[in-house]
Amino acid sequence: MREIRKVLPSGRFIYYADNAHCPYGEKSAAYIQDRARAITRLLLDKGAEAVVVACNTATGAAIATLREEFDVPFVGMEPAVKPAALETRSGVIGVLATAGTLKASKYLNTKEMFQHDVRIEEHVGEGFVQLVEDLELDGPRAERVVRASLQPLLDAGADTIVLGCTHYPFLLPVIHRIAGPGVRVIDPAPAVARQLMHILLERGIAGADPAPGVELLSSGDPASLRALAATL
């Protein structure tokens, strides 16, 4: 959302946070597909003309189903393995993601394309999502939690780290501090924002909205979402 607003500052957005069912990382594909369908129907009922599935796990589990069942463009997320493979100097890239993303066919297909040219090391970002949801973006606990999942990738020789969950970029200051200046960290969000803009321009729906802004919706505590939005 933050990156999309940079390229579409006069757009109108509906942001749905599925707080009551978060995190998705350990949920079944069928469960996530049901949630994705329900959320998409709600967004379309409110007039959405395009949908960004701003979750790697939900993209892997549900975006193919959504594209089959709904007649609007969908933009999804996937770990940026390709740019990492092109930019690594050590020949080792690290992927930080949820367990669901690392098991999804979308990611596995991308990995298959590049794992013959580079070594791909993976680790689940254990506790990362909860840190962000709790707005604990720095400090001793955040550093301890991030280091536990990041250090194995660094020890394996990774000089490029791919962030495979949309929560993780909010921990970038801690990640950069632990990784050091010689390690590149790739956040896919700016590329997703550019892809959305391309689709909207292609379809002629990228103009300024007469009522720009963001409407925040949540399946959980709306006060929690407001606090997250104000801080993040």
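Only this structure's heavy atoms are used, side chains among them; waters, hydrogens and symmetry mates stay out.
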Worked verdict on Leu232 versus Leu135 for side chain to side chain contact (heavy atoms under 4.5 Å, CB included): CA-CA 8 Å; Leu232 302 179; Leu135 288 174; 4.1 Å; yes

Decide yes or no for [X] and [Y]: does some side-chain heavy atom of the first lie under 4.5 Å from some side-chain heavy atom of the second?
| X | Y | result |
| --- | --- | --- |
| Tyr168 | Val129 | yes |
| Asn19 | Asp221 | no |
| Val118 | Thr160 | no |
| His176 | Val185 | yes |
| Arg5 | Val214 | yes |
| Phe128 | His167 | no |
| Met113 | Lys82 | no |

Would the distance check show the side chain of [X] and the main-chain N or O of [Y] forming a donor-acceptor pair, the cut-off being under 3.5 Å?
| X | Y | result |
| --- | --- | --- |
| Lys6 | Ala193 | no |
| Asp159 | Arg89 | yes |
| Thr40 | Ala36 | yes |

Might you point out which heavy atoms bring [X] and [Y] nearest each other, and give the distance in Å?
| X | Y | answer |
| --- | --- | --- |
| Arg177 | Asp138 | NH2-OD1, 2.7 Å |
| Phe13 | Ile4 | CE2-CG2, 3.5 Å |
| Phe70 | Leu44 | CD2-CD1, 3.6 Å |
| Val92 | Gly157 | CB-O, 3.6 Å |
| Thr166 | Pro169 | O-CD, 3.4 Å |
| Ser90 | Thr88 | N-OG1, 3.4 Å |

Which residues share a side-chain hydrogen bond (donor to acceptor under 3.5 Å, both in side chains) with Lys46, sequence neighbours left out: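 So Lys46 forms a side-chain hydrogen bond (donor to acceptor under 3.5 Å, both in side chains) with Glu215.
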
Point-to-point distance, once rounded to the nearest 0.5 Å, from [atom1] of [X] to [atom2] of [Y]:
| X | Y | atom1 | atom2 | result |
| --- | --- | --- | --- | --- |
| Leu225 | Tyr16 | CG | OH | 10.5 Å |
| Arg144 | Ile178 | CZ | CD1 | 11.5 Å |
| Leu172 | Ile161 | CG | CD1 | 11.5 Å |
| Glu133 | Phe170 | CD | CZ | 10.0 Å |
| Asp117 | Leu86 | CG | CG | 9.0 Å |
| Leu217 | Leu43 | CG | CG | 7.5 Å |

Steps toward side chain to side chain contact (heavy atoms under 4.5 Å, CB included) verdict (Ile93, Ile186): CA-CA 11 Å; Ile93 67 174; Ile186 299 179; over 6 Å; no

When clusters are formed by joining ILVMFWY residues with side-chain heavy atoms under 4.5 Å apart, either directly or through shared neighbours, do [X] and [Y] land in the same one?
| X | Y | value |
| --- | --- | --- |
| Leu108 | Val162 | yes |
| Leu216 | Leu8 | yes |
| Met1 | Leu196 | yes |
| Leu163 | Val183 | yes |
| Val72 | Val192 | no |

Verdict with reasoning, Lys27 to Arg35, per side chain to side chain contact (heavy atoms under 4.5 Å, CB included): CA-CA 11 Å; Lys27 302 285 197 304; Arg35 291 302 307 147; over 6 Å; no

Hey, is [atom1] on [X] packed in by over 12 heavy atoms from elsewhere, all under 6.0 Å?
| X | atom1 | result |
| --- | --- | --- |
| Arg2 | CZ | no |
| Tyr15 | OH | no |
| Arg203 | CZ | no |
| Arg37 | CZ | yes |

Intermediate values then yes/no, side chain to side chain contact (heavy atoms under 4.5 Å, CB included), Leu131 and Val174: CA-CA 12 Å; Leu131 283 175; Val174 182; over 6 Å; no

Enumerate donor-acceptor pairs with a distance under 3.5 Å from any side-chain N or O in residues 145-155 to protein atoms, sequence neighbours excluded.
from, atom 1, to, atom 2, distance (Å)
Arg147, NH1, Gln151, OE1, 3.3
Arg147, NH2, Glu143, OE2, 3.3
Ser149, OG, Val124, O, 3.0
Ser149, OG, Glu126, N, 3.2
Gln151, NE2, Asp155, OD1, 3.0

Show every donor-acceptor pair shorter than 3.5 Å between a side-chain atom in residues 49-65 and any protein atom, with sequence neighbours excluded, or say none if there are none.
from, atom 1, to, atom 2, distance (Å)
Asn56, ND2, Gly164, O, 3.4
Thr57, OG1, Thr98, OG1, 2.6
Thr57, OG1, Thr101, OG1, 3.1
Thr59, OG1, Val53, O, 3.3
Thr59, OG1, Cys55, O, 2.8
Thr59, OG1, Met77, N, 3.0

